[in-house]
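Atoms within each ligand, like the ligands themselves, are counted from 1 in listed order. Side-chain atoms are counted along with the backbone in the values below, which use heavy atoms only and exclude waters and symmetry mates.
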Amino acid sequence: MSQQVHIFDTTLRDGEQSPGCSMTTPEKLRVARELVEMGVDVIEAGFPIASEGDFDAVRAVCREYPGAYIAALARAVPLDIERAAASLDGHLRPRIHCFIATSEIHLKYKFGKSQEEVLEEAVRAVELAKRYVDDIEFSAEDATRTEMGYLCRICEATVDAGATVVNIPDTVGFMTPDDYTEKIARVAEAVDGRAEVSVHTHDDLGLAVANAIAALYAGARQIECALNGIGERAGNCSLEEVVAIMKVRGDRVPFHCAIDAGRLYGASRTLTECISFGPQPNKAIVGRNAFAHEAGIHQDGFLKHHSTYEIMTPESVGVPSSQLILGKHSGRHALHQRIADLGYGNLDREQTRVVYEAFTRLADTRKGLTDADIADLLEELGFRRAAEVVVARV
Ligand code: KIV
Ligand code: ZN
């Protein structure tokens with residue numbers, strides 16, 4: 001039986017706090033609309049104590065989406081919690097997300113406090129937050145470098161104090177899937193079904209998505225992630241990737257979520273318009289090359305049947321179509337097809353050979369040929385367009 005997993009999106013908080021990603025309130029509202037429409041379970045809209053802008057953005061998202069579950073982040077201190085509560089005031093489905101670091105490294109270098117002092121502060125923070133809202137998420141920052149017995153103890157104590165979700169962040173992206181799974185299993189056992197176990201993974205070792213999926217097998221039922229995988233340093237777990245894994249590999253992965261995968265690409269594009277960079281070209285699902293084929297063998301196979309080189313259709317994740325890129329690795333089949341698409345008719349074998357030779361000479365000197373380059377080449381070789389096709393000149 002497939003189990004439901006909640007998707008907690010932190011694009012507007014962890015994502016937004018990373019370099020080049022800050023957003024104005026109208027931009028946050030544009031992204032929030034995408035998140036609501038695709039069906040995320042919880043939107044972390046900001047860190048209200050951080051700035052007036054963050055506070056206003058959380059309020060604006062609450063106003064615009066009264067039916068959405070909206071979280072506001074707070075350190076485990078009264079001022080932060082009161083500010084988070086004020087930003088959510090009057091909202092139908094508010095969550096206060098309070099966090100405190102728990103690892104020896106953070107206790108020693110950041111706080112100079114003992115485990116007991118931090119545990120007490122965490123409990124007091126949850127109790128205070130509980131006076132404002134019912135739904136409280138507690139995060140043990142740097143949980144994955146925290147001594148295990150203490151991590152379980154602080155999770156139990158915060159659940160006793162009223163936390164409804166306990167989050168085990170891999171704050172520095174240090175985990176491997178087996179290590180993370182073991183830790184999540186220990187926490188799940190300690191919490192014993194009294195709160196939802198959540199995972200929040202960073203991508204410093206490129207394992208954020210693998211770690212989040214692995215954690216589901218140990219009992220986690222909420223994944224924290226961000227569009228385009230944005231977030232501190234190497235980023236957060238990519239929302240697009242975890243959703244696609246559950247959709248495409250439902251045969252092996254016995255978990256599902258409520259996200260409409262057909263909206264992934266559109267949401268990724270909207271985010272890109274709101275921040276200063278887009279996903280890398282080879283980013284899974286939403287990168288420019290995710291459904292692009294340049295190698296001749298791949299193009300030939302793809303033209304015979306898309307399933308030869310694609311494990312999902314572009315449309316299933318909202319990408320308009322696959323693309324055959326003509327470059328020096330391309331083959332005759334794709335070139336022949338493109339020539340026909342450009343309105344130059346169905347060239348015979350000899351004509352295709354002549355064009356192909358000229359094309360490979362040209363492709364050797366360029367990084368990727370546009371339709372206009374191909375059309376110019378055909379005209380130079382004496383071919384004339386049979387059908388009226390508008391060729392994009394970029
Ligand atoms: O990475 C982290 O530890 C965080 C927490 C605030 C959840 O972002
Ligand atoms: Zn984080």
query = Can you find an N or O of His200 that's nearer than 3.5 Å to an N or O of ligand 1?
reply = yes
ask   = Does any N, O or S atom in Asp14 come within less than 2.8 Å of the Zn ion (ligand 2)?
value = yes
inquiry  = Please determine whether the number of non-hydrogen atoms from other residues, nucleotides or ligands lying under 6.0 Å from atom CG of Leu381 exceeds 12.
reply    = yes
ask   = Short N/O distance, under 3.5 Å, between Thr171 and ligand 1?
value = yes
message = Quick check on side-chain contact (heavy atoms from CB on, under 4.5 Å): which of Leu239, Val319, Asn228 does Ser268 satisfy it with?
response = Asn228
task = Check whether any side-chain heavy atom of Cys274 sits under 4.5 Å from a side-chain heavy atom of Arg30, and report yes or no.
result = yes
ask   = Which atom, among the N/O/S set of His200, is closest to the Zn ion (ligand 2)?
value = NE2
request  = Answer yes when Glu120 and Arg124 have at least one side-chain N-carboxylate O distance shorter than 4.0 Å, and no when they do not.
outcome  = yes
task = Would you please determine whether His97 falls within less than 4.0 Å of ligand 1 on a heavy-atom basis?
result = yes
ask   = Below 3.5 angstrom, do we get any N/O pair linking Ser139 and ligand 1?
value = no
ask   = Step by step, would you call Tyr217 with Phe255 a ring pair (Phe, Tyr, Trp, His ring centres under 6.0 Å)?
value = CA-CA 9 Å; Tyr217 291 85; Phe255 304 102; 5.2 Å; yes
ask   = Could Arg186 and Glu182 be called an ion pair, given the rule that one side-chain N must be under 4.0 Å from one carboxylate O?
value = no
ask   = Is the charged tip of Arg75 near the ring of Phe99: under 6.0 Å from the six-membered ring centre and within 45° of its axis?
value = no
inquiry  = Geometry only, no angles: is Arg13 polar-contacting ligand 1 at N/O separations under 3.5 Å?
reply    = yes
query = Which atoms of ligand 1 sit under 4.0 Å from any heavy atom of Glu141?
reply = 3 (O)
ask   = Can you check whether Glu350 reaches Arg353 side chain to side chain, under 4.5 Å on heavy atoms?
value = yes
message = Closer than 4.0 Å to some heavy atom of His202 - which atoms of ligand 1 meet that?
response = 1 (O)
remark   = The atom of His202 among N, O or S that is nearest the Zn ion (ligand 2) is NE2
query = Would Glu232 count as a contact of ligand 1 if the rule is a heavy atom under 4.0 Å away?
reply = no
